[in-house]
Amino acid sequence: SDPSRNCKGAVLFACLGVRVHPLAATLGASSAFTRTISSCLWGQVLTIGEPWAQAELATPYPDPDGGGTVALKDLGYLYVGLDDHWQNCTTICPNGTVVPSWAPYNGDYDYQCCHNADGTCEKNATTLPWYSDGTDGLEYGTPKWDTHRFPDVAGMVEKAHSLGLRAGWYMGNYQCAGGNSRGSGEAPWDLTRLVQGSVDAIKSYGFDSVKCDSGFFVCQNMSLWGQLLNQSGRPVMIENCHQGAEAPGLVADGRYDGNCTGLTPISDCPFNFWRTTGDPEPDWGTVMRELNSLRKVVNPFYGSGKRAGAPEFNADPPRSRPGGWAYPGTMVVGDGGDPVNGTMHGGMTKDENRVHFGGWCIVSSPLILAYNLSTPERRELVWDIITNKEAIQINQAWAGHPGSQVLAGIGSNNGTEVWTKPLGDSRTAVFIVNTAVDNHTSVDEADGGMKLAPCSDTSVSQDWVLSPGVHPGDGATTNIKSMAGRQGCWEITGVSAPHIIFSPHVPCVFRSCVAL
């Protein structure tokens with residue numbers, strides 16, 4: 001088993017990873033991977049002749065942290081993957097017309113139905129299966145590709161490898177799930193053979209990761225995937241994208257994940273990371289809702305985000321740890337809105353994007369980028385955020401805990417939260433975010449050289465990017481801030497968290513505050 005990967009997936013996407021903690025152990029059902037960061041690029045599915053996602057990850061741009069240039073892959077964004085729309089989802093209309101899966105309709109590349117004259121969909125059309133049932137000369141369970149869009153899958157994977165990237169694939173598809181429904185005269189699908197066919201294809205093409213979604217039941221049993229991938233001999237990172245299902249400690253789904261607990265030194269779960277909640281959208285409310293799936297105290301301003309019956313994943317001891325990491329959804333940093341005349345309009349503000357990235361970093365979430373990397377306006381909006389080396393170092397650090405919410409409902413507007421993550425050597429990363437509709441808040445001075453205060457664009461100590469050469473814990477107390485609007489601050493200090501006392505409401509010690 002390869003101990004060097006951990007990521008997540010996404011229509012055409014890119015995922016990358018970097019080894020931080022070499023963990024050579026093997027999980028009970030899946031390869032053991034170290035903590036990595038990853039980038040997954042949503043976008044229109046393109047042919048292998050237009051591999052812009054791969055090139056963007058390897059393309060250097062100006063480094064916000066001093067002179068020179070930096071590429072995303074230099075920072076650990078190493079996986080480039082393919083999500084939905086790869087499969088052959090051909091539709092046969094009642095009149096015999098064939099609608100190929102690659103055919104756009106009014107500029108939309110989503111899979112198409114047979115359209116009537118009024119634009120509605122014909123109900124009696126047939127969608128061909130995109131898994132072989134063994135009657136077409138292929139091995140049972142072989143995934144069927146749309147060879148018009150993807151004429152050379154092995155070449156696409158090899159291109160990623162040639163750029164120093166790792167290639168990922170997507171199973172459990174939503175877009176043409178109906179293509180694999182079985183008629184009354186057909187035998188039901190054999191799940192084990194479908195998974196085996198998928199694993200054989202992953203190994204044959206040389207993919208390095210797989211995202212298992214819940215759209216089609218091929219990904220229902222994560223233990224089976226872990227078992228067959230391990231037996232294949234190819235180290236493959238596994239993402240459990242079941243919107244919070246089949247998670248460690250979720251008893252109701254134990255039959256599909258081997259009743260894993262996530263509490264062993266290297267996670268005993270048959271996947272390398274799992275999604276804790278539903279689909280993300282590029283707006284502030286969604287970001288806060290997604291974080292609710294990892295909060296100790298759910299933020300009342302936003303939806304719960306937590307799956308019924310789910311435990312507190314980042315409690316003490318945490319279920320998110322090396323070998324199996326929790327992530328509150330694909331990041332929407334830089335997504336949403338539209339570029340107009342070289343400027344982004346709509347979507348989240350710069351400050352909200354900073355808070356979003358900071359929130360995912362403080363909980364050790366795999367970092368999946370979901371914006372179109374080929375759009376310069378989007379890149380320029382968030383480049384200094386997604387390349388922030390100090391925030392990434394905090395995300396990557398492991399000192400026994402992934403990070404968690406420790407204070408909630410503080411500040412003059414009762415909407416400020418404090419999250420912490422231990423960095424080792426008595427160092428603690430602190431994330432302070434104003435979540436309330438009221439953007440103005442004040443919090444008192446605190447012990448230990450830390451200050452909870454509104455973020456300020458005039459404060460030298462609240463720079464988002466630290467000075468070149470400064471690293472977490474080498475002496476300076478540094479805030480990484482979001483200035484206006486929704487306010488988020490990082491603070492890195494040499495004082496260990498148990499000695500830091502906060503007010504104003506009820507004096508309390510981190511991790512033992514009566515409010516939590």
For residues [X] and [Y], determine if any side-chain heavy atom of one lies less than 4.5 Å from a side-chain heavy atom of the other.
X	Y	result
Leu72	Leu373	yes
Phe207	Ser204	no
Val218	Trp225	yes
Met222	Tyr256	no
Asp384	Arg354	yes
Val287	Val355	no
Lys296	Glu312	yes
Val332	Pro280	yes

Any side-chain donor near an acceptor of the partner, Asp213 and Tyr170, under 3.5 Å
yes
Donor-acceptor pair between Asp84 and Asn173 side chains, under 3.5 angstrom
yes
Show your reasoning for whether side-chain contact (heavy atoms from CB on, under 4.5 Å) applies to Asn388 and Trp383.
CA-CA 8 Å; Asn388 185 301; Trp383 186 250; over 6 Å; no
Report the C-alpha distance between Gln405 and Asn314 in whole Å, list the side-chain angles of each, state the deciding distance to 0.1 Å, and finish with yes or no for side-chain contact (heavy atoms from CB on, under 4.5 Å).
CA-CA 9 Å; Gln405 179 200 57; Asn314 287 16; over 6 Å; no
Can you tell me how far [atom2] of [Y] sits from [atom1] of [X], rounded to the nearest 0.5 angstrom?
X	Y	atom1	atom2	answer
Cys212	Leu229	SG	CG	8.0 Å
Ser304	Arg295	OG	CZ	11.5 Å
Phe313	Ser404	CZ	OG	14.5 Å
Glu139	Thr142	CD	OG1	6.0 Å
Thr276	Leu294	OG1	CG	4.5 Å
Thr286	Met288	OG1	CE	10.5 Å

Donor-acceptor check, side chain of [X] to backbone of [Y], threshold 3.5 angstrom: yes or no?
X	Y	result
Ser293	Thr277	no
His356	Asp283	no
Lys203	Ser232	yes
Arg275	Gly278	yes
Asp253	Glu246	yes
Asn353	Gly334	yes
Asn240	Phe271	no
Ser132	Tyr140	no
Asn272	Ile238	yes
Lys73	Leu165	no

Kindly determine whether Glu290 and Trp360 satisfy side-chain contact (heavy atoms from CB on, under 4.5 Å), including the steps that lead there.
CA-CA 10 Å; Glu290 305 281 89; Trp360 267 235; 3.8 Å; yes
Aromatic ring pairing Trp145/Trp169, orientation class (parallel under 30°, perpendicular over 60°, tilted between)
parallel
Test Ser214 against every option in Gln243, His242, Gln220 by the side chain to side chain donor-acceptor pair (under 3.5 Å) rule and name the one that passes.
Gln243
Shortest non-hydrogen contact between [X] and [Y], atoms and distance:
X	Y	result
Arg319	Trp274	O-CH2, 3.6 Å
Thr387	Ile392	C-CD1, 4.3 Å
Ser223	Gly258	OG-N, 2.9 Å
Leu75	Lys389	CD2-CG, 4.1 Å
Val80	Ala160	CG1-CB, 3.4 Å
Arg378	Gly336	NH1-O, 2.8 Å

Kindly indicate, with the supporting measurements, whether the criterion salt bridge (charged side-chain N to carboxylate O under 4.0 Å, His left out) is fulfilled by Asp133 and Arg193.
CA-CA 10 Å; Asp133 60 4; Arg193 295 173 73 187; over 6 Å; no
Could you tell me which residues satisfy side-chain contact (heavy atoms from CB on, under 4.5 Å) with Leu224, sequence neighbours excluded, listed by chain and number?
Leu191, Thr192, Val195, Asn221, Gln227, Leu228
side-chain contact (heavy atoms from CB on, under 4.5 Å), that's the test. Do Trp419 and Val363 meet it? Break it down for me.
CA-CA 8 Å; Trp419 299 61; Val363 295; 3.5 Å; yes
Determine, stepwise, if the pair Asn395 / Ser364 fulfils side chain to side chain donor-acceptor pair (under 3.5 Å).
CA-CA 5 Å; Asn395 173 261; Ser364 303; 5.5 Å; no
Salt bridge check, Asp200 against Arg234: does any charged N sit closer than 4.0 Å to a carboxylate O?
no
ring-ring contact (aromatic ring centres under 6.0 Å, His included), that's the test. Do Trp130 and Phe216 meet it? Break it down for me.
CA-CA 11 Å; Trp130 42 274; Phe216 177 57; 5.5 Å; yes
Does the SG of Cys260 lie under 2.5 Å from the SG of Cys269?
yes
I want to check a possible cation-pi pair here: Arg182 against Trp189, using under 6.0 Å from ring centre and within 45° of the ring axis as the test.
yes
Sequence neighbours left out, what passes disulfide bond (SG atoms under 2.5 Å apart) with Cys219? Give chain and number order.
none
